[in-house]
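Below is one structure, written out as structure tokens; the observations come after it.
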Amino acid sequence: MTPFSFARADDAAAAVRMGGAPGAKYLGGGTNLVDLMRETVEQPTSLVDVTGLGDAIEERADGGLLIGAAARNTAVAGHRTVRTRYPALSRAILAGASGQIRNMATMGGNLLQRTRCTYFYDAAARCNKRVPGAGCDAVEGFNRIHAILGASPACVATHPSDMCVALAALDAVVHLQGGAGTRSLPLVDLHRLPGGRPDMETTLEPSELITAVELPALPMAARSTYRKVRDRASYAFALVSVAAALDVAADGTVRDVRLALGGVAHKPWRAAMAEQALRGQPATEASFRAAAEAELADAAPLAHNAFKVELAKRTITAVLAELTGDRA
Amino acid sequence: MTITINGQQVAVPSDPRVSLLDLLREHLHLGGSKKGCNQGACGACTVLADGERILSCLALAVQYEGRSVVSIEGLSPDGSLHPLQHAFIEHDGYQCGYCTPGQICSAVGMAGEAKRGLPSAVTADLAADAVQLTHDELRERMSGNLCRCGAHNGIIAAIADTFGRPAVAEAAE
Ligand SMILES: Cc1cc2nc3c(=O)[nH]c(=O)nc-3n(C[C@H](O)[C@H](O)[C@H](O)COP(=O)(O)OP(=O)(O)OC[C@H]3O[C@@H](n4cnc5c(N)ncnc54)[C@H](O)[C@@H]3O)c2cc1C
Ligand code: SF4
Ligand code: FES
Ligand code: FES
């Protein structure tokens with residue numbers, strides 16, 4: 001590990017001040033950053049520990065829920081309100097990593113965890129994300145776990161977070177604090193597609209701090225879930241995952257739907273086309289399948305991951321059917 | 001600047017690169033916690049921080065200043081065995097023993113999570129208050145601890161014997 005200095009931030013303003021120093025990085029639970037520092041993929045010269053900042057989970061007057069960025073993954077997944085009103089979020093968090101890692105990992109760190117592309121981790125491989133302009137060994141290499149949507153010739157990596165997929169489906173908003181003040185933005189606008197700059201993963205300003213994640217009041221989210229398909233039953237990253245919420249009217253048509261995919265793109269993928277295709281349609285497997293087809297129409301699989309296209313379609317269809325089945 | 005380790009105050013290392021695992025093993029010569037992978041994938045380094053199970057290989061020691069860490073050496077006082085350690089012996093919960101300290105610390109933390117009603121990925125009803133530590137629940141909750149010797153059946157049996165039944169009984173109340 002490259003040497004670095006360490007400081008604990010007592011409040012967000014102090015964190016942003018220290019985070020503005022050249023070479024500084026925020027440190028959450030360290031479960032991703034410490035690993036990447038050991039591999040020398042990340043080489044910060046100072047770490048600003050932000051785990052002492054806001055970790056409260058508060059119900060808001062407007063019916064939403066505000067989750068401090070330092071809240072541990074375990075605390076969020078186990079929170080009563082999350083379990084009953086936003087079950088997809090509990091399920092997504094619980095589907096990720098292990099009990100030990102979820103106890104350490106924070107909300108902020110989970111959002112900004114980096115890809116698990118093996119070439120990104122391997123200092124001997126060419127990777128545009130690690131070394132801009134170096135080339136990408138995954139495009140022609142072993143790319144079974146890589147993206148099928150929104151990728152570019154420069155990078156075909158996926159975003160690995162389970163939690164983010166649920167947040168994308170549930171219209172979450174991210175609260176930020178930077179040198180220029182505070183702002184907020186929809187979670188779906190936090191991460192970027194790779195384009196020509198896969199090293200630029202988010203729309204954050206340098207040293208901008210995530211302070212909280214807000215879930216809007218979304219009554220239909222009480223009927224939401226998350227399904228993750230992976231190579232072993234537990235403790236593995238998603239090949240494909242689906243977060244969905246479904247509101248079916250009394251006449252059996254889809255009144256409203258929220259749908260997002262994981263494991264398929266450089267960012268948590270809100271399936272807006274499928275949602276649009278479904279609203280007003282009968283809540284049947286045929287409609288679900290048609291919506292899935294619409295979303296995956298532009299899929300561009302690589303040499304080893306064509307299976308993800310059909311897997312995504314089937315998982316979308318099955319998850320929506322499951323949410324319909326519960327209705328009786 | 002100290003960390004409490006197994007009840008003793010220990011100075012925080014001056015180099016922030018030192019992991020909690022290296023502090024235990026290299027600086028304090030507490031060799032129970034193992035360095036299986038040093039990247040979060042095996043669970044052999046699991047310890048308890050203020051009662052919660054964490055991976056000491058991914059923890060920078062300096063981040064744990066002021067906290068209380070318990071490793072396998074401190075799980076029960078004065079060289080006596082924790083009930084779960086007895087159960088591991090009884091159920092053949094190990095072969096080479098390399099993963100065992102991590103398994104045991106993890107299971108103790110896991111039992112605390114279950115007692116607090118924390119659901120897992122296989123919990124059918126997220127709204128339920130009590131957790132029933134069934135075989136499937138135990139396997140899922142312990143999936144962050146790998147065993148290369150394949151002693152999982154004995155491990156799960158030992159944990160079920162120690163923590164499974166009381167939790168089921170509580171749930172039935
Ligand atoms: C073996 C293993 C298996 C895993 N399996 C899964 C899985 O199946 N699914 C899954 O979703 N994840 C998985 N993970 C990843 C895990 O979820 C992440 O490592 C974790 O969520 C990161 O959170 P952290 O607080 O530890 O972040 P850190 O490692 O501390 O930080 C990660 C990044 O976030 C930045 N950061 C942290 N907090 C803030 C903030 N408040 N504002 C701005 N930037 C911030 C840091 O600078 C750093 O760049 C796995 C990890 C391991 C090691
Ligand atoms: S896919 Fe992206 S992260 Fe992986 S090697 Fe290519 S540029 Fe790097
Ligand atoms: S040594 Fe820490 S998880 Fe393997
Ligand atoms: S007993 Fe040998 S690794 Fe588990």
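These numbers were taken from a predicted model, which means no experiment stands behind them. By convention in this document, chain letters (A, B, ...) are assigned in the order of the sequence lines, proteins followed by strands, and residues within each chain are numbered from 1.
- The side-chain heavy atoms of Leu94(A) and Val122(B), taken from C-beta on, include no pair separated by under 4.5 Å.
- How far CG of Asp49(A) is from CG of Leu60(B): 9.0 Å, rounded to the nearest 0.5 Å.
- Side-chain atoms of Arg83(A) never come within 3.5 Å of backbone atoms of Pro119(B) as a donor-acceptor pair (strictly under, hydrogens ignored).
- Identified by a heavy-atom distance below 4.5 Å to chain A, the contributing residues of residues 6-30 of chain B are Pro16(B), Arg17(B), Ser19(B), in residue-number order.
- Counting heavy atoms of neighbouring residues, nucleotides and ligands inside a 6.0 Å radius, atom CG of Asp125(B) exceeds 12 of them.
- Contacts of Glu113(B) with chain A are made by side-chain atoms alone, with heavy-atom separations under 4.5 Å and no backbone atom involved.
- The structure places SG of Cys57(B) at 6.0 Å from CZ of Arg38(A), a figure rounded to the nearest 0.5 Å.
- Interface remark: Thr84(A) contributes side-chain atoms only to the contact with chain B (heavy atom separation under 4.5 Å).
- Taking 4.5 Å as the limit, some side-chain heavy atom of Asn145(B) sits within range of a side-chain heavy atom of Gln100(A).
- Looking at Arg116(B), the atoms closer than 4.5 Å to chain A (heavy atoms on both sides) all sit in the side chain, from C-beta outward.
- When all heavy atoms of Gly78(A) and Leu118(B) are compared, the closest pair comes out as CA-CD1, 3.5 Å.
- Taking Arg141(B), Met142(B), Glu140(B) one by one and counting their heavy-atom pairs under 4.5 Å with chain A, the maximum is reached by Glu140(B).
- Neither the backbone nor the side chain of Leu33(A) comes within less than 4.5 Å of any heavy atom in chain B.
- The candidate from Arg80(A), Arg102(A), Met37(A) with the greatest count of non-hydrogen atom pairs under 4.5 Å with chain B is Arg80(A).
- Atom CE of Met104(A) sits about 5.5 Å away from atom CG of Leu58(B), to the nearest 0.5 Å.
- When every heavy atom of Ile101(A) is checked against every heavy atom of Gly40(B), the shortest pair comes out as CD1-O, 3.6 Å.
- Contacts between Thr46(B) and chain A at a heavy-atom distance below 4.5 Å involve the side chain alone, from C-beta outward.
- Under the 4.0 Å criterion applied to side-chain N and carboxylate O atoms, Glu52(B) and Arg72(A) are not assigned as salt-bridge partners.
- When all heavy atoms are compared, the tightest approach of Gln63(B) to Thr51(A) is NE2-CG2, 3.6 Å.
- Ranked by heavy-atom pairs shorter than 4.5 Å toward chain A, the options Ser120(B), Gly109(B), Gly43(B), Ala59(B) are led by Ser120(B).
- Asn103(A) places no side-chain N or O within 3.5 Å of a backbone atom of Ile54(B) that could act as its donor or acceptor partner.
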